[in-house]
Amino acid sequence: MEQERTEIQDLGEFGLIDYLTRNIEIQNASTVLGVGDDAAVIDHFGKQTVISTDMLVEGIHFDLMYTPLKHLGYKSVVVNLSDIYAMNAIPTQITISIAFSNRFSLEALNEFYEGVYAACEKYGVDLVGGDTSNSQKGFIISVTAIGEVTPDQFVKRSTAQKGDLLCVTGDLGAAYLGLTLLEREKKIYLESPDVKPDLEGQTYIIGRQLKPEARKDIIEFLQQEEIIPTAMMDVSDGLSSEILHIAKQSNLGVVLYEEKIPIAQESKEIAMKFGLDPTACALSGGEDYELLFTMKQQDYDKIVLNEQISVIGYMADISEGAHIHTKGGNKFKLVAQGWNAFKQ
Ligand SMILES: Nc1ncnc2c1ncn2[C@@H]1O[C@H](COP(=O)(O)OP(=O)(O)O)[C@@H](O)[C@H]1O
Ligand SMILES: Cc1ncc(C[n+]2csc(CCOP(=O)(O)OP(=O)(O)O)c2C)c(N)n1
Ligand SMILES: [Mg+2]
């Protein structure tokens, strides 16, 4: 079936905005005024406001050859909400700005927004504004997420204490393996378009790359157990880079145990197939959007039964430096080989 294609020119900028935002229903009492004026108005009723922004650039952060637009819309929102949760806060509003070339039809943008709204609904946030522009080439997305936190209960990266346990949620490395697989299939397709992609049994890692989730559940769990982490951040860049951020900003050393790093069985198998070291994928792969946090040793009993939280090490004196103890009994200096958009 021929897909319908409506040119954006037929609607104009304001027609497009009206179209994309026509069904918004406000979900939060804190959203006083949403889309349609010079600015949105938010009242957090005595709470503190948390704000974070991240950009996604075609060719750098995503490849439209294997990224469905709906997934991209979802992921663009989720990666921003993840930063709000990483402050121990609850996201309440987002703004979203897009720039796109005339390669994009109304139908394409509609698909992207389906993903945006699916994430808004799942995480209970209101879309309250944004900006719409053209680009000569490529799709650029910028999302700003706003959230609320009980005064002074936000958690920074710089406040870990010596002796604190180092914890991480979920499992790591799968998003990178998903990306590796998609890139491999893309290459095969470009060389011989008739070969059917072999993605069997790999839905977990592909899902982790294309449709990540933010750890709202963990923030709720910590709240319920009355645990306030001493430091926290999300894992967007790879575990080692994030651990070093916490250690450096807290003026501490850190000891990490390789055997404690959570890696899914599916990830281990696929890493093996690709000839990759699963630990390296977890340390440097990125895009896991799990939470990395430190907490007092006394809180250990409260988390021990939660299978979504792994204790992977502890914070040490700065004089000890930052090290990983390998399964083989060796000790290596931890280096940040994190993903970075400026790497050649
Ligand atoms: N161009 C910029 N101008 C001002 N602040 C920036 C800019 N880019 C990043 N930052 C700030 O630098 C800090 C680290 O950013 P980043 O490494 O992107 O964090 P994250 O991984 O949480 O997105 C954040 O406080 C962010 O707001
Ligand atoms: C085409 C493509 N190239 C590379 C990646 C890998 N990648 C994209 S973003 C990212 C990590 C985080 O990105 P960044 O812009 O640093 O986010 P921030 O740390 O600011 O949250 C990684 C590993 C990808 N998903 N797709
Ligand atoms: Mg950022």
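Atoms within a ligand are numbered from 1 in the order they appear, just like the ligands themselves.
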Against heavy atoms of D54, which atoms of ligand 1 measure under 4.0 Å?
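Selected atoms, number and element: 23 (O).
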What atoms in ligand 1 come closer than 4.0 Å to a heavy atom of S236?
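That gives atoms 21 (O) of ligand 1.
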Can a donor-acceptor pair be found between the side chains of E258 and T279 at a distance below 3.5 Å?
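The criterion, which ignores hydrogens and geometry beyond distance, is satisfied for T279 and E258.
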If you count the atoms of ligand 2 from 1 in the order shown, which ones are under 4.0 Å from a heavy atom of D54?
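Under 4.0 Å from D54, ligand 2 has these atoms: 18 (P), 20 (O), 21 (O).
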Using a 4.0 Å cutoff against the non-hydrogen atoms of G285, which atoms of ligand 2 qualify?
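Once the distances to G285 are compared, the set is 23 (C).
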From atom 19 (O) of ligand 1, work out which of M87, R157, M233, H245 has a heavy atom at the shortest distance.
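Ranked by closest heavy atom to atom 19 (O) of ligand 1, first place is R157.
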Taking distance alone, with N or O pairs closer than 3.5 Å, would you say [X] contacts ligand 2?
X    : result
Q209 : yes
E287 : yes
H61  : yes
S236 : yes

When the ring planes of F139 and F104 are compared, do they come out parallel, tilted or perpendicular, using 30° and 60° as the limits?
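Plane angle between 30° and 60°, so tilted.
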Side chain, backbone, both or neither: the part of I60 lying under 4.0 Å from ligand 2 by heavy atom
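Under 4.0 Å from ligand 2, I60 contributes backbone atoms alone.
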Would you call N88 and F293 a side-chain contact if the rule is heavy atoms closer than 4.5 Å?
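No - every pair of side-chain heavy atoms lies 4.5 Å or more apart.
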Hydrophobic clusters join Ile, Leu, Val, Met, Phe, Trp and Tyr when side-chain heavy atoms are under 4.5 Å apart, directly or via other members; which others share one with L252?
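L166, V168, L172, M233, V235, L239, I243, L244, I246, V254, L256, I261, I263, L283, L292, I312, M315, I324, F332, L334, listed by chain and number.
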